[in-house]
Amino acid sequence: MKILATLLLATTLAAAAQAKELLNLDRSGVAVQGYDVVSFVMDGKPVKGNAAFSSKAGGATYWFATAEHKAAFDVAPAKFTPQFGGYCAYGVSKGSLVRIDVEAFQIVDGRLLLQYSKGVRNDFNKDTAGHLKKADANWPGLVEKNG
């Protein structure tokens, strides 16, 4: 019985560790400062969303500019949600959580990356693959520590 209790506790702790999230949200739980994440991918520019067109995914609320964008998101949220919880990709590559400027976004290999500024985006792009590899490696530790 003691072994069963220990296994149950270990399983519960492992599930809790996997469930940690780290999201760059406003006080209302809205992601990407209320901008429509579909617009970055489909329109190539940031467009302010509207609370009337909202969806929840992964612990965040996303706003959309149109019902069509909301529908596209609802079908495939992973295609549109920003990487690294919406934090600055370059910052994550350096092991830090940094706020973002929506104008400094980019799409890399189908992934929406947000950056602190256009200058930081330029620095990131001096070695896009290397910085992205570092960000991917750093992200689990940042989630564990701050999630």
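Across E21 and G58, no two heavy atoms sit closer than the pair OE2-O, 3.0 Å. Here the closest non-hydrogen pair linking A72 and M42 is CB-SD, 4.3 Å. D123 approaches H131 most closely through the heavy-atom pair O-NE2, 3.7 Å. Scanning all heavy atoms of the two residues, the minimum distance from L25 to A60 falls at CD2-CB, 3.6 Å. Considering all non-hydrogen atoms of both residues, S54 and K70 come closest at O-CE, 3.1 Å. The nearest pair of heavy atoms linking V102 to P46 is O-CG, 3.8 Å.
One hydrophobic cluster, built from ILVMFWY side chains closer than 4.5 Å, holds both F124 and L97. By the criterion of side-chain heavy atoms lying less than 4.5 angstrom apart, applied directly or through intervening Ile, Leu, Val, Met, Phe, Trp or Tyr residues, V92 is not grouped with F105; the two fall into different hydrophobic clusters. With hydrophobic clusters built from ILVMFWY side chains whose heavy atoms lie under 4.5 angstrom apart, I100 does not share a cluster with Y90. Y87 and V37 fall into different hydrophobic clusters, where Ile, Leu, Val, Met, Phe, Trp and Tyr are joined by side-chain heavy atoms under 4.5 Å apart, directly or via other members.
No side-chain heavy atom of V32 sits under 4.5 Å from any side-chain heavy atom of L112. Here the side chains of F53 and T66 are not in contact, with every heavy-atom distance at 4.5 Å or above. Counting heavy atoms from C-beta outward, W139 and Q83 have side chains that stay 4.5 Å or more apart. Between F84 and L22 the shortest side-chain heavy-atom distance does not fall below 4.5 Å.
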Side chain to side chain contact (heavy atoms under 4.5 Å, CB included) assessment of V98 paired with V120: CA-CA 11 Å; V98 179; V120 164; over 6 Å; no
V38 vs Y62, side chain to side chain contact (heavy atoms under 4.5 Å, CB included): CA-CA, chis, key distance, verdict: CA-CA 10 Å; V38 174; Y62 293 90; over 6 Å; no
Chi angles and distances behind the side chain to side chain contact (heavy atoms under 4.5 Å, CB included) call for N50, W63: CA-CA 5 Å; N50 182 329; W63 290 357; 5.8 Å; no
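The closest donor-acceptor contact from the side chain of N24 to the backbone of G85 lies at 3.5 Å or more, if one exists at all.
Taking a 6.0 Å sphere around NZ of K45, one finds it holds 12 or fewer heavy atoms contributed by other residues, nucleotides or ligands. Surrounding OH of Y116 are at most 12 heavy atoms belonging to other residues, nucleotides or ligands under 6.0 Å away.
Atom OG1 of T128 and atom CG of N125 lie 3.5 Å apart (nearest 0.5 Å). For the atom pair CG of N138 and NZ of K145, the computed distance is 11.0 Å after rounding to the nearest 0.5 Å. Atoms CG and NZ, from L142 and K20 in turn, are 11.5 Å apart once rounded to the nearest 0.5 Å.
Taking the six-membered ring for Trp and thresholds of 30 and 60 degrees, F73 and F64 have ring planes inclined between 30 and 60 degrees apart.
K134 pairs by the salt bridge (Lys or Arg N to Asp or Glu O under 4.0 Å) definition with nothing, not counting sequence neighbours.
Applying the side chain to side chain donor-acceptor pair (under 3.5 Å) rule to pairs touching residues 26-43 yields D36-H69, sequence neighbours excluded.
Classification of R111 and D136 as a salt-bridged pair holds, one side-chain N sitting under 4.0 Å from a carboxylate O.
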